[in-house]
Peer 1: 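My structure is below; once you've seen it, I'll send some questions.
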Amino acid sequence: MAAVMLSSGRKLLQTRFPRPPVRSGSARPSGFFAPSEGAMLPAGSFRDRLAFITGGGTGLGRAMTMVLSQLGARCVIASRKLDVLQETAGEISSQTGNQVHALQCDVRDPQAVARCVDQMVALSGLPDVIINNAAGNFICPTERLTPNGWRSVTDIVLNGTAFVTLELGKRLIQAQKGASFLAITTIYAESGSGFVVPSAAAKAGVEALYKSLAAEWGRYGHRFNIIQPGPIRTKGAFSRLDPTGTFEKSMIDRIPTGRLGKPAELANLAAYLSSDFASWMSGAVIRFDGGEYVSMAGEFNELRKVTPDQWKMLEAMIKGTKGS
Ligand SMILES: CC/C=C\C/C=C\C=C\C(=O)SCCNC(=O)CCNC(=O)[C@H](O)C(C)(C)COP(=O)(O)OP(=O)(O)OC[C@H]1O[C@@H](n2cnc3c(N)ncnc32)[C@H](O)[C@@H]1OP(=O)(O)O
Ligand SMILES: NC(=O)C1=CN([C@@H]2O[C@H](COP(=O)(O)OP(=O)(O)OC[C@H]3O[C@@H](n4cnc5c(N)ncnc54)[C@H](OP(=O)(O)O)[C@@H]3O)[C@@H](O)[C@H]2O)C=CC1
């Protein structure tokens, strides 16, 4: 007896299907969607530009810093761990030949953010590109969450993004300088998600902040855009969200493109959104997830499991039904 389960958990059919044929050598979808990881934009796209990237020492922040630096930007990366930042800054600038400065900054502390901006201004001036990428997250049943656990994530993600955006926004307005602001959120900022509730709530807040400012601060020359990445392997994310490695296969199985994203792919999109090629783009929310979100959302998407022989049988059954 075979049943086709809908994502709601209901059974669509309960009928006797012939055993599905054993498929040999069927291509995985990832074979169609190989990543391209070199810098996408023309060389020099960020010449004479200064980019400020929070959490730029690791993971996706590091990848975005690398591509912006390859394209000619001077970069300032900021987070809590100065040793990590300095190592990344040294590696990237020795590869690209462009300056990368490391500044210690805890984005949860507005005074620390102001000091960090003071240091950046003294070193290089006000930035043309701001990427709010720093985040904290961990899986946890919500009933186990303490107030401090809630605060540790929402302070980094929502308050941290707000403090950086307000500090830089006000100074840029004062200096009459335009800039591109980009926030890195997540696909569940839109849907919500159990087990990462502080992150879901805070990322949704970041999206509301950025969409609101896209409307309000366009008059000052500021653009605000958002990328919602799907799963991309980084130590920071996977150690806290899939510590045993158990969920990775099911994630890949539900992604129509059959693989995780790559940091360099995300970095190319971030570079485009932060570049002059996107100067007409503001208030945009770009989902970048290999199709995972729509794959999880569609009521009938589990029908991907139905084999061609089973489809013949289903079609005959449907066509054989008369009346309602
Ligand atoms: C598999 C990937 C698929 C999809 C990915 C989708 C979205 C991804 C979104 C992301 O944001 S990934 C990026 C993840 N990166 C990070 O989280 C890096 C930075 N994180 C941290 O520094 C810590 O994890 C932090 C967020 C907990 C903050 O560190 P901090 O030193 O400030 O906090 P403490 O360690 O002092 O803890 C504060 C508070 O939280 C409680 N807590 C910490 N971890 C857990 C846990 N795993 N479960 C429950 N509670 C936790 C801790 O107990 C403290 O509360 P109390 O004082 O005990 O009440
Ligand atoms: N990887 C993925 O699958 C996905 C990631 N994302 C998002 O991408 C972004 C990057 O995540 P990823 O690279 O994976 O993970 P990482 O853990 O590598 O990046 C998080 C960065 O945030 C910095 N950070 C944390 N707390 C603070 C703080 N209080 N002040 C300043 N900086 C801080 C960390 O540096 P330090 O410890 O030195 O402070 C670290 O560099 C995040 O916004 C995340 O939510 C979204 C969806 C999927």
Side-chain angles (χ1 to χ4, degrees), residues 52-65 77-89 102-110 112-113 116 131-161 163-164 182-191 193 195-200 202-204 206-207 226-252 254-255 260-263 265-267 269-270 286-290 292-293 296:
F52 179 71
I53 303 111
T54 65
T58 64
L60 305 184
R62 185 187 197 286
M64 291 186 279
T65 307
I77 55 177
S79 73
R80 296 167 299 177
K81 298 188 189 103
L82 189 59
D83 53 339
V84 174
L85 292 167
Q86 283 171 336
E87 196 179 331
T88 297
L103 295 180
Q104 188 164 35
C105 178
D106 186 332
V107 295
R108 293 171 295 189
D109 174 358
V113 171
C116 172
I131 303 185
N132 270 292
N133 162 78
N137 201 0
F138 49 79
I139 46 168
C140 178
T142 308
E143 65 274 19
R144 290 174 63 94
L145 202 59
T146 62
N148 203 28
W150 172 271
R151 210 179 273 125
S152 70
V153 172
T154 55
D155 264 358
I156 304 170
V157 175
L158 179 54
N159 289 337
T161 302
F163 296 149
V164 168
L182 178 66
I184 309 300
T185 64
T186 162
I187 54 173
Y188 61 69
E190 209 161 303
S191 59
S193 175
F195 304 98
V196 283
V197 169
S199 171
K203 293 285 195 185
V206 168
E207 293 196 353
I226 296 158
I227 301 178
Q228 302 174 326
I232 301 175
R233 173 173 287 293
T234 65
K235 183 178 169 194
F238 276 60
S239 63
R240 291 171 176 93
L241 302 175
D242 187 15
T244 61
T246 318
F247 304 122
E248 181 167 338
K249 185 179 177 309
S250 52
M251 268 184 261
I252 293 174
R254 69 181 175 232
I255 296 176
L260 302 178
K262 297 281 184 188
E265 293 179 287
L266 183 278
L269 176 58
I286 314 282
R287 193 186 298 135
F288 190 64
D289 70 342
E292 187 187 25
Y293 187 88
M296 287 190 286

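We count ligands from 1, going down the list as the structure has it; atoms in each ligand are counted the same way.
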Peer 1: For ligand 1, which atoms have a heavy atom of A135 less than 4.0 angstrom away?
Peer 2: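 Listed by number with element, the hits are 11 (O), 15 (N), 16 (C), 17 (O), 18 (C), 19 (C).
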Peer 1: What protein heavy atom sits nearest atom 45 (O) of ligand 2, and how far off is it?
Peer 2: K203 NZ, 2.8 Å
Peer 1: May I ask you to identify the nearest protein heavy atom to atom 29 (N) of ligand 2, giving residue, atom name and distance to one decimal place in Å?
Peer 2: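 Ranked first by proximity to atom 29 (N) of ligand 2 is D106 OD1, 2.9 Å.
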Peer 1: Please determine if R80 has a nitrogen or oxygen closer than 3.5 Å to a nitrogen or oxygen of ligand 1.
Peer 2: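 Yes, at least one N or O pair falls under 3.5 Å.
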Peer 1: Students should be able to answer this: which protein heavy-atom is nearest to atom 47 (C) of ligand 2, and at what distance?
Peer 2: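 Of the protein heavy atoms, P229 O, 3.3 Å lies nearest.
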Peer 1: When you look for heavy atoms under 4.0 Å from ligand 1, do you find them on the side chain of T146, its backbone, both, or neither?
Peer 2: side chain
Peer 1: Please state which protein non-hydrogen atom is closest to atom 8 (C) of ligand 1 and give its distance, to 0.1 Å?
Peer 2: L241 CD1, 3.5 Å
Peer 1: On a heavy-atom basis, I'd like to know which of D106, I156, N137, V196 is closest to atom 9 (C) of ligand 1.
Peer 2: N137
Peer 1: Nearest 0.5 Å, what's the CD1-CG distance between I139 and L241?
Peer 2: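 So the CD1 of I139 and the CG of L241 are separated by 6.5 Å.
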Peer 1: With atoms numbered from 1 as shown, which atoms in ligand 1 lie under 4.0 angstrom from a non-hydrogen atom of G149?
Peer 2: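 It comes down to these atoms of ligand 1: 39 (C), 40 (O), 41 (C), 55 (O).
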Peer 1: Among D242, I184, T185, which residue places a heavy atom closest to atom 46 (C) of ligand 2?
Peer 2: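 It is T185 that holds the nearest heavy atom.
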Peer 1: Given that the side chain starts at C-beta and the backbone is N, CA, C, O, which of these parts of F247 lies under 4.0 Å from ligand 1, counting heavy atoms, or is it both or neither?
Peer 2: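 It is neither; nothing of F247 touches ligand 1.
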Peer 1: Looking at every non-hydrogen atom in both residues, tell me the closest pair between P110 and F163 and how far apart they are.
Peer 2: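 Closest heavy-atom pair between P110 and F163: CD-CE1, 3.7 Å.
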Peer 1: Only heavy atoms of A237, strictly under 4.0 Å: list the atoms of ligand 2 that pass.
Peer 2: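 Ligand 2 atoms under the 4.0 Å threshold to A237: 1 (N), 2 (C), 14 (O).
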Peer 1: Should P231 be listed as contacting ligand 2, given a heavy-atom distance under 4.0 Å as the test?
Peer 2: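 P231 counts as a contact of ligand 2 under the 4.0 Å cut-off.
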Peer 1: With atom 43 (O) of ligand 2 as the reference point, say which of V206, N133, V196 has the nearest heavy atom.
Peer 2: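 It is N133 whose heavy atom sits nearest to atom 43 (O) of ligand 2.
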Peer 1: Among protein heavy atoms, which lies nearest atom 33 (C) of ligand 2, and at what distance?
Peer 2: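 Answer, as residue, atom name and distance: A134 CB, 3.7 Å.
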Peer 1: I need the atoms of ligand 1 closer than 4.0 Å to a non-hydrogen atom of P231, numbered in the order shown.
Peer 2: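 Those of ligand 1 that fall under 4.0 Å from P231 are 3 (C).
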Peer 1: Could you tell me whether atom 20 (N) of ligand 1 has at least one protein heavy atom nearer than 4.0 Å?
Peer 2: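 Yes, because at least one protein heavy atom sits under 4.0 Å from atom 20 (N) of ligand 1.
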Peer 1: Would you mind listing which atoms of ligand 1 come within a distance below 4.0 Å of any non-hydrogen atom of G236?
Peer 2: 14 (C), 15 (N)
Peer 1: Got the closest protein heavy atom to atom 3 (O) of ligand 2, with its distance?
Peer 2: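 Of every protein heavy atom, I232 N, 2.8 Å lies nearest to atom 3 (O) of ligand 2.
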Peer 1: Testing K203, E190, R287, E207 for side-chain hydrogen bond (donor to acceptor under 3.5 Å, both in side chains) with T185, which one passes?
Peer 2: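 Option passing the side-chain hydrogen bond (donor to acceptor under 3.5 Å, both in side chains) with T185: E207.
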Peer 1: Determine, using heavy atoms of R233 and all atoms of ligand 1, whether some pair is separated by less than 4.0 Å.
Peer 2: no
Peer 1: In terms of atom number and element, which parts of ligand 2 are under 4.0 angstrom from non-hydrogen atoms of C105?
Peer 2: 30 (N), 31 (C)
Peer 1: Nearest to atom 26 (N) of ligand 2 by heavy atom, R80, K235, R108: which?
Peer 2: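 Checking each option, the heavy atom nearest atom 26 (N) of ligand 2 is found in R80.
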Peer 1: Counting only non-hydrogen atoms of the protein, does one fall under 4.0 Å from atom 53 (O) of ligand 1?
Peer 2: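 False for atom 53 (O) of ligand 1.
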Peer 1: For A112 and C105, which heavy atoms make the closest approach, and how far apart are they?
Peer 2: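 Heavy atoms of A112 and C105 come nearest at O-SG, 4.0 Å.
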Peer 1: I need the atoms of ligand 2 closer than 4.0 Å to a non-hydrogen atom of G230, numbered in the order shown.
Peer 2: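 Numbered from 1, ligand 2 contributes 3 (O), 48 (C).
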Peer 1: Can you find an N or O of K203 that's nearer than 3.5 Å to an N or O of ligand 1?
Peer 2: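 No.
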Peer 1: Applying a heavy-atom cut-off of 4.0 Å, say which part of R240 lies close to ligand 1: side chain, backbone, both or neither.
Peer 2: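 The answer is the side chain of R240.
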Peer 1: How far apart are the closest heavy atoms of V157 and V206, and which atoms are they?
Peer 2: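 Residues V157 and V206, closest heavy atoms: O-CG2, 3.4 Å.
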Peer 1: If you take the nearest heavy atom of each of A237, A189, G61, S152, which one is closest to atom 13 (C) of ligand 1?
Peer 2: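 Heavy atom nearest to atom 13 (C) of ligand 1 belongs to A237.
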Peer 1: Tell me: protein heavy atom nearest atom 21 (C) of ligand 2, and distance?
Peer 2: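 Heavy-atom neighbour on the protein nearest atom 21 (C) of ligand 2: G55 CA, 3.8 Å.
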Peer 1: Is R108 in polar range of ligand 1, meaning some N or O pair under 3.5 Å apart?
Peer 2: yes
Peer 1: Which of the numbered atoms in ligand 2 are under 4.0 angstrom from any heavy atom belonging to G59?
Peer 2: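 Counting atoms of ligand 2 from 1, those under 4.0 Å from G59 are 13 (O), 18 (O).
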Peer 1: Walk me through whether N159 and T154 qualify under side-chain contact (heavy atoms from CB on, under 4.5 Å).
Peer 2: CA-CA 7 Å; N159 289 337; T154 55; 5.6 Å; no
Peer 1: Can you check whether a protein heavy atom sits less than 4.0 angstrom from atom 38 (C) of ligand 1?
Peer 2: yes
Peer 1: Has P263 got any heavy atom lying under 4.0 angstrom from an atom of ligand 2?
Peer 2: no
Peer 1: List ligand 2 atoms under 4.0 Å from T234, heavy atoms only on the residue side.
Peer 2: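 Taking each heavy atom of T234 in turn, ligand 2 has 1 (N), 12 (P), 13 (O), 14 (O), 15 (O) under 4.0 Å.
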Peer 1: Would you check whether T186 has a nitrogen or oxygen atom less than 3.5 angstrom from a nitrogen or oxygen atom of ligand 1?
Peer 2: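 In this structure, T186 places no N or O atom under 3.5 Å from an N or O of ligand 1.
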Peer 1: Tell me: protein heavy atom nearest atom 5 (C) of ligand 2, and distance?
Peer 2: L60 CD1, 3.8 Å
Peer 1: Polar-atom distance check: A135 versus ligand 2, any N or O pair below 3.5 Å?
Peer 2: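 So ligand 2 has an N or O lying under 3.5 Å from an N or O of A135.
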Peer 1: Any non-hydrogen atom of K235 lying under 4.0 Å from ligand 1?
Peer 2: no
Peer 1: Any protein heavy atom under 4.0 Å from atom 26 (C) of ligand 1?
Peer 2: yes
Peer 1: Note the single closest protein heavy atom to atom 57 (O) of ligand 1, along with its residue, its atom name and the distance in Å.
Peer 2: N148 ND2, 2.8 Å
Peer 1: Just distances here: any N/O of V107 and N/O of ligand 2 closer than 3.5 Å?
Peer 2: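 For ligand 2, there is an N or O atom that lies under 3.5 Å from one belonging to V107.
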Peer 1: Less than 4.0 Å between atom 35 (O) of ligand 1 and some protein heavy atom, yes or no?
Peer 2: no
Peer 1: To which of F138, W150, Y188 does the heavy atom nearest atom 46 (C) of ligand 1 belong?
Peer 2: F138
Peer 1: Check Q228 against ligand 1 and report side chain, backbone, both or neither, counting heavy atoms closer than 4.0 Å.
Peer 2: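 Neither part.
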Peer 1: Judged by atom type as modelled, is there a donor-acceptor pair below 3.5 Å linking the side chain of D242 to the main-chain atoms of T246?
Peer 2: yes
Peer 1: Does R240 make a cation-pi contact with F138, if we ask for NZ or CZ under 6.0 Å from the ring centre and within 45° of the axis?
Peer 2: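 Ring-cation test returns no.
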Peer 1: I need the nearest protein heavy-atom contact for atom 16 (P) of ligand 2: residue, atom name and distance, please.
Peer 2: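 Its nearest protein heavy-atom neighbour is T58 OG1, 3.6 Å.
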Peer 1: At a non-hydrogen distance cut-off of under 4.0 Å, which region of M251 contacts ligand 1 (side chain, backbone, both, or neither)?
Peer 2: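 M251 to ligand 1: side-chain contact only, backbone stays beyond 4.0 Å.
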